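Since the structure comes first, as structure tokens, the remarks are kept for the end.
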Amino acid sequence: MEKNVIIDLRNVSKSFDGETILDNINLSIRDGEFVTLLGPSGCGKTTTLRLIGGFLQPDSGDIVFQGKVINDVPPYKRQVNTIFQRYALFSHLNVYENVAFGLRVRKCPEKEIKKTVDEMLEMVNLKGFGKRRTESLSGGQQQRVAIARALAVKPKVLLLDEPLGALDLKLRKDMQTELKKIQQELGITFIYVTHDQEEALSMSDTIVVMDSGKIQQMGRSEDIYNEPKNAFVADFIGESNILDGMMRSDFYVDFSGKRFKCVDKGFAPNEAVDVVVRPEDVDFVPVEEGMLTGEVTLVTFKGVHYETIVDIGGFKWMVQTTDYHPVGSKVGLKIEPDEIHIMPKSEYSGLYGDYSSFSEEFDELSEPEEDEEDE
Amino acid sequence: MKNRVFSAKAASAPYVVWSVLFVIAPLVFVAYYAFTGSDGGFTLVNISKFFSAYFDTFIRSLWYGVLSTIICLIIAYPFAYWLAHSGASVQRTCVMLVMLPMWMNFLIRTYAWMNILQDTGIINAALSKLGFDTVHMINTGGAVIFGMVYNFLPYMILPLYSIMTKIDPSMLDAASDLGCSKLQSIIKVVLPQSVPGIVSGITMVFVPSVSTFYISQKLGGGSFDLIGDVIERQFTLSYNYNLGAALSLVLMVLILVSMFFMRRFSDADSDGEVLM
Ligand SMILES: Nc1ncnc2c1ncn2[C@@H]1O[C@H](COP(=O)(O)OP(=O)(O)O)[C@@H](O)[C@H]1O
Ligand SMILES: [Mg+2]
């Protein structure tokens, strides 16, 4: 095992009432890393955090902290602290005493407590809020208190369970930047849970994509975006057109009834595959120059670009470009070889990546409902 | 707008009538009798008797009340904590069992205990059958305290249980996360969070304990008086309504004052100003 690995989950499984929630999870987290567990709600993210925090014990497998198995170490003896999904501030204590809580338990001298609490409150921009009752604070401020309280005891690892889920968009963006800054300043490991792919992409060193209790893919943001391993990952992170294809030979793939040059190799000849093309990687060209041709069925102005749905032989593509083509017009599509990504078939094949049922209304309806991401 | 105010008033009318008839009016009568003599003229003699003739009795009642309240709290608190953290079916069953005796008449329950605790009662019969010496229990202070605890324990358990089920379990997780052992999180989180339940439990046990007369007569056998016994006798034996009313009034005022101070203290506590 690498030397600077701080937390290691080895073949960890967990079930509740006979239902498998985590299925043989293997996960190594390096010291100082910002790791995000990303997945739809119910996929087992919170359960994973609670296992690391010590609030749950694995049914099988080991939780390893700095080389030692800590399966049976209670939470209060772990050098890991948690920001809970609903903050869990102590309502009988004011802001100062909330932040001081962990230090008082450790019987730190009063002077040191005051110094640390002031430092922490300053760090989360809550200077002068010490005497306030926690209930009198806004959601964002309560969140900051929770962060200050957890960091005051100088943990080696901070676990954050959807910490920004309850905040509005603007505040969420600000807090993302702030959290990232705090993590870099302190240099400690953050394990961050979210179901928001944008949040994950912009904050993390490493993203762990989870679904149905399994790790689907793990890697740097760019790698996960550019090289998704299966249809689930391709669809969950960003938008994707996912088509049934067949590898003819190295560097040649058939889909939509045409043959395309691509940069992937190593598949068996005539192996059935999933083909991913990101909407922003497709260009509109005149019909006669198009590798594929189709008819526009829907156009939405998105500010930076137009989002155009194109019907090509019954399969609806999403294309994001700055060119405007009205509904009903015939268009040609051009796709460069390096913008085609080939994935092996998986249990998720055929479930995602067709925009047939896509409509603006539907999009808007599901926008404010955060937990609707899991289709 | 005016109409709404009017109809709101009309709707509350029955309650107003009810409170005037059954709460305010009796209090006014008590106050009137307390400050008048048998001739109907104003006097403070009856009031002052509380502090001269019956002060020892009052102190004894206070002591019995405090003792039974403390015993109830010590028994009820861990039980309520355990219950609040048990499975749903255990909770339902136990709450039922706690409330069950309350559906039986208070006097009958106390009579039953008289029989059980008697020198020739069930316990002593069993003891002598088994070859042990019998134990004298009835007509002692201990039996009276026991009777109070037995009768009023549910009133301590229920408010404590109810507040403990409302404590957010993630707060306990947070305490544990920040370094508290199980016992520390109980002291630092559960205890302060449950103060309102403790206050109402204490109130609901202490007030009836301090003023009870039935329990002390039946289980104490009249071997000593509590203030409730003295008051009761003024109405049932001596027919001295004025003295009875005066003693009741002073007792009520003293209880109200002590409750007021206890609430003040517990409010300051939940502010985080007074640290546990
Ligand atoms: N204590 C528990 N008892 C029973 N089922 C649970 C418990 N905790 C979580 N689950 C179930 O495990 C699944 C995953 O939960 P969770 O880890 O909270 O998901 P996520 O945080 O990714 O939304 C859910 O279906 C949830 O109902
Ligand atoms: Mg969760």
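Note that this is a predicted model, so its numbers are computed, not measured. By convention in this document, chain letters (A, B, ...) are assigned in the order of the sequence lines, proteins followed by strands, and residues within each chain are numbered from 1.
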Between A:Tyr96, A:Tyr87, A:Phe84, the one whose heavy-atom pairs under 4.5 Å with chain B are most numerous
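Looking at each option in turn, the highest pair count goes to A:Phe84.
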
Tell me, for B:Asp177 versus chain A, whether the close heavy atoms (under 4.5 Å) come from the side chain, the backbone, both or neither.
both

Select one option (side chain, backbone, both, neither) describing which atoms of [X] are under 4.5 Å from chain B's heavy atoms.
X	value
A:Arg86	side chain
A:Phe55	side chain
A:Leu89	backbone

Donor-acceptor side-chain pairing of A:Tyr76 and B:Gln184 below 3.5 angstrom:
no

A:Thr134-A:Gln142 side chain donor-acceptor pair, cut-off 3.5 Å:
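No - no donor-acceptor pair under 3.5 Å links their side chains.
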
Quick one: of B:Leu178, B:Val189, B:Asp168, B:Leu172, who has the most non-hydrogen atom pairs under 4.5 Å with chain A?
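Counting heavy-atom pairs under 4.5 Å, the top option is B:Leu178.
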
Identify whether the distance between the nearest side-chain nitrogen and carboxylate oxygen of [X] and [Y] falls below 4.0 Å.
X	Y	answer
B:Asp173	A:Arg50	yes
A:Glu110	A:Arg104	yes
B:Arg60	B:Asp56	no

Quick check against the 3.5 Å criterion: does A:Arg106 have a side-chain atom that pairs as donor or acceptor with the backbone of A:Val153?
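Side chain of A:Arg106 to backbone of A:Val153: no pair is present.
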
Under 4.5 Å, heavy atom to heavy atom, which residues of residues 147-162 of chain B contact chain A?
none

Do A:Met203 and A:Phe34 have side chains that approach each other closer than 4.5 Å (heavy atoms only, starting at C-beta)?
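A:Met203 reaches A:Phe34 side chain to side chain.
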
Heavy-atom closest pair, residues A:Gly32 and A:Thr189:
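So the two residues come closest at N-OG1, 2.8 Å.
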
Ring pair (Phe, Tyr, Trp, His ring centres under 6.0 Å) pairs, two or more places apart, involving residues 125-148 of chain A
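Listed once each, the pairs would be none.
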
